[in-house]
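Each residue takes its place number in the sequence, starting with 1.
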Amino acid sequence: MRHKMLWAAVALMMMTACSSDNDETIVNPEDNEWTPISLTRAEQELVTSNNDFAFNLFRLAGPRKIWVEDPEKGIILSPISITYALGMLNNGAAGETQQQINKVLGFNNADEVNAFCKKMLTEALHLDKLTKVQIANNIYVNKDYTLNPVFVEKANDFYDAQPETRDFADGKTLDIINQWASDHTERMIEKVLSEKEFRSDAVSYLLNAIYFKGTWKEKFKKEETKEEAFKSAGKKVPMMHQQKKFLYADKGDYEALQLPYGNGAYSMTILLPKEGKTTYDIAQGLTAESWKTMWQSGVPSEGAIVDVKLPRFETNTDLDLVETMSRLGMPNAFDPQTAEFPDFCNTPTFIGLMKQVARIKVSEEGTEAAAVTEIGMLNSLAGPSQPIHVDFHADHPFIYMISEKSTGTIFFIGHYTGL
């Protein structure tokens, strides 16, 4: 299985961040300047539409699954990972099923999805020599079925995926799928599919893996980390602390802070509710347009001197996406009676399983995050100016995003509650 290694974000006087915690790479800042990805107006509109998908997904998967049913639990997910997995499958779809997938992802047609995914695979390769971003795609096919040659060609050309035919009843395929997920997330995600979820009669399993490891442009000093109370959690958390110049904005109901990795090609944006407001309130107003204009007002262009407190934390999510994606507007794909995937393989199919496992670790050094999205296809015939000085103390639930600077593409979005 071939895959792309995308080396991205981290700059100015930084060292560190490769595939191993013990590896340390020294890079001359002059050799690590950030060069933005060039987008046409049409391509930027596609990114905007796809970011709307990211926020719609977060609103539906977050508030309903997390903030309402289990309000004490945080969430981390990768919208772009879903775009890759669905975009790859979309080349086998047709009719209303394909139209629904295109609309949910924010594109007009499958060709646009392919072009977007290919662009990110190729254009983001050398954004930063210190931050590591890895994107991989793969397809496992049951030996009883054959994929459409045109579908395979597009999977190769746009997603760098090489389908692999296996005997799903051999007792080894489940372990091989989970090993692939582990290998392509630097062992952050060691299990994406359980024995209960795996079906030996499935037609195919399509996977996308995203791995990110970035070092803060301005690291937090470990000696400054103290145990402090986290409001609403009823406990203390390890709170990192530093005072530096960062991009900051007062948005009325919440404060926004941008913490860049390395040379600034990637960054984490944190949205912290003000008194009387919640992360749920903020999530309802997040759109691609509000994301684009986040930093257009409220702070001098050179940033503010900000006293930052941010928890050192780790969050894991195992999310069933079938209901969420159906409610977002693509129900036909999950219904064996209405699903249209005539260009996928030699039998009628529908999506019987769609899930994402994601994990994030935030520390004084930086951030490590990973996500694996899996789609299980079943046989339809068989059954389913002067710097200002502010305090930004993230001591209560907040929303955070990891994004690419030049395009604004959101790689990860999460919700932290202190638990």
Side-chain angles (χ1 to χ4, degrees), residues 44 47-63 66-67 71 74-77 79 216-218 230-232 239-261 264 266-311 313 360 362 367 385-418:
Q44 186 59 64
V47 172
T48 298
S49 296
N50 193 240
N51 280 344
D52 262 329
F53 158 66
F55 292 126
N56 290 335
L57 172 71
F58 182 64
R59 262 190 295 274
L60 192 55
I66 304 299
W67 302 334
I75 186 174
I76 174 67
L77 53 86
W216 301 122
K217 181 176 180 180
E218 300 290 350
F230 194 88
K231 298 173 185 177
S232 81
M239 191 73 73
M240 305 183 297
H241 177 246
Q242 68 169 296
Q243 187 176 99
K244 292 284 175 62
K245 184 180 288 187
F246 293 109
L247 200 56
Y248 166 90
D250 186 328
K251 307 303 290 186
D253 291 341
Y254 63 91
E255 299 172 278
L257 180 72
Q258 185 179 95
L259 300 178
Y261 300 99
Y266 287 88
S267 63
M268 175 181 284
T269 298
I270 304 166
L271 309 182
L272 186 67
K274 288 189 177 180
E275 187 73 27
K277 296 296 180 179
T278 68
T279 48
Y280 180 88
D281 299 326
I282 297 175
Q284 304 317 299
L286 289 178
T287 65
E289 188 60 32
S290 68
W291 174 242
K292 285 198 300 183
T293 61
M294 182 73 67
W295 309 109
Q296 290 183 2
S297 63
V299 68
S301 59
E302 65 268 29
I305 296 176
V306 186
D307 189 83
V308 180
K309 288 186 178 182
L310 180 69
F313 69 91
I360 188 170
V362 177
T367 303
S385 68
Q386 188 67 26
I388 59 175
H389 191 118
V390 297
D391 290 337
F392 189 92
H393 296 172
D395 59 358
H396 53 284
F398 56 84
I399 294 170
Y400 58 91
M401 288 159 278
I402 295 177
S403 62
E404 192 279 320
K405 183 177 180 180
S406 57
T407 65
T409 299
I410 297 170
F411 275 61
F412 293 89
I413 182 169
H415 171 224
Y416 180 71
T417 65

When you measure from the side chain of [X] to the backbone of [Y], do you find a donor-acceptor pair of N or O atoms at a distance under 3.5 Å?
| X | Y | value |
| --- | --- | --- |
| N51 | G408 | yes |
| T48 | Q44 | yes |
| Q258 | P260 | no |
| E218 | K244 | no |
| K405 | S267 | no |

Taking all non-hydrogen atoms of both residues into account, name the closest pair between [X] and [Y] and its distance.
| X | Y | answer |
| --- | --- | --- |
| L77 | A61 | CD2-CB, 4.0 Å |
| G414 | F58 | O-CZ, 3.7 Å |
| W295 | T269 | CZ2-CG2, 3.9 Å |
| M294 | A249 | O-CB, 4.0 Å |

So, taking the atom named [atom1] in [X] and the one named [atom2] in [Y], what distance separates them when rounded to the nearest 0.5 Å?
| X | Y | atom1 | atom2 | value |
| --- | --- | --- | --- | --- |
| K251 | L272 | NZ | CG | 14.5 Å |
| I270 | L310 | CD1 | CG | 4.5 Å |
| W291 | I413 | CH2 | CD1 | 8.0 Å |
| I305 | D391 | CD1 | CG | 12.0 Å |
| L271 | E255 | CG | CD | 10.5 Å |
| I402 | Y266 | CD1 | OH | 10.5 Å |

Check: [Y] and [X] side chains under 4.5 Å, non-hydrogen atoms:
| X | Y | result |
| --- | --- | --- |
| V308 | Y248 | no |
| K217 | F246 | no |
| F412 | M268 | no |

Step-by-step side-chain hydrogen bond (donor to acceptor under 3.5 Å, both in side chains) determination, T278 to D281: CA-CA 5 Å; T278 68; D281 299 326; 3.1 Å; yes
Worked verdict on W216 versus T367 for side chain to side chain contact (heavy atoms under 4.5 Å, CB included): CA-CA 8 Å; W216 301 122; T367 303; 3.5 Å; yes
For residues 392-399, run the donor-acceptor check on the side chains, cut-off 3.5 Å, and write out each pair with its distance to 0.1 Å, sequence neighbours left out.
residue : atom : partner : partner atom : Å
H393    : NE2  : D307    : OD2          : 2.8
H396    : NE2  : P273    : O            : 2.7

What's the verdict on side chain to side chain contact (heavy atoms under 4.5 Å, CB included) for R59 and L286, showing C-alpha distance, side-chain angles and the deciding distance? CA-CA 9 Å; R59 262 190 295 274; L286 289 178; 3.9 Å; yes
Residues which pass ring pair (Phe, Tyr, Trp, His ring centres under 6.0 Å) with Y400, listed by chain and number, not counting sequence neighbours: F313
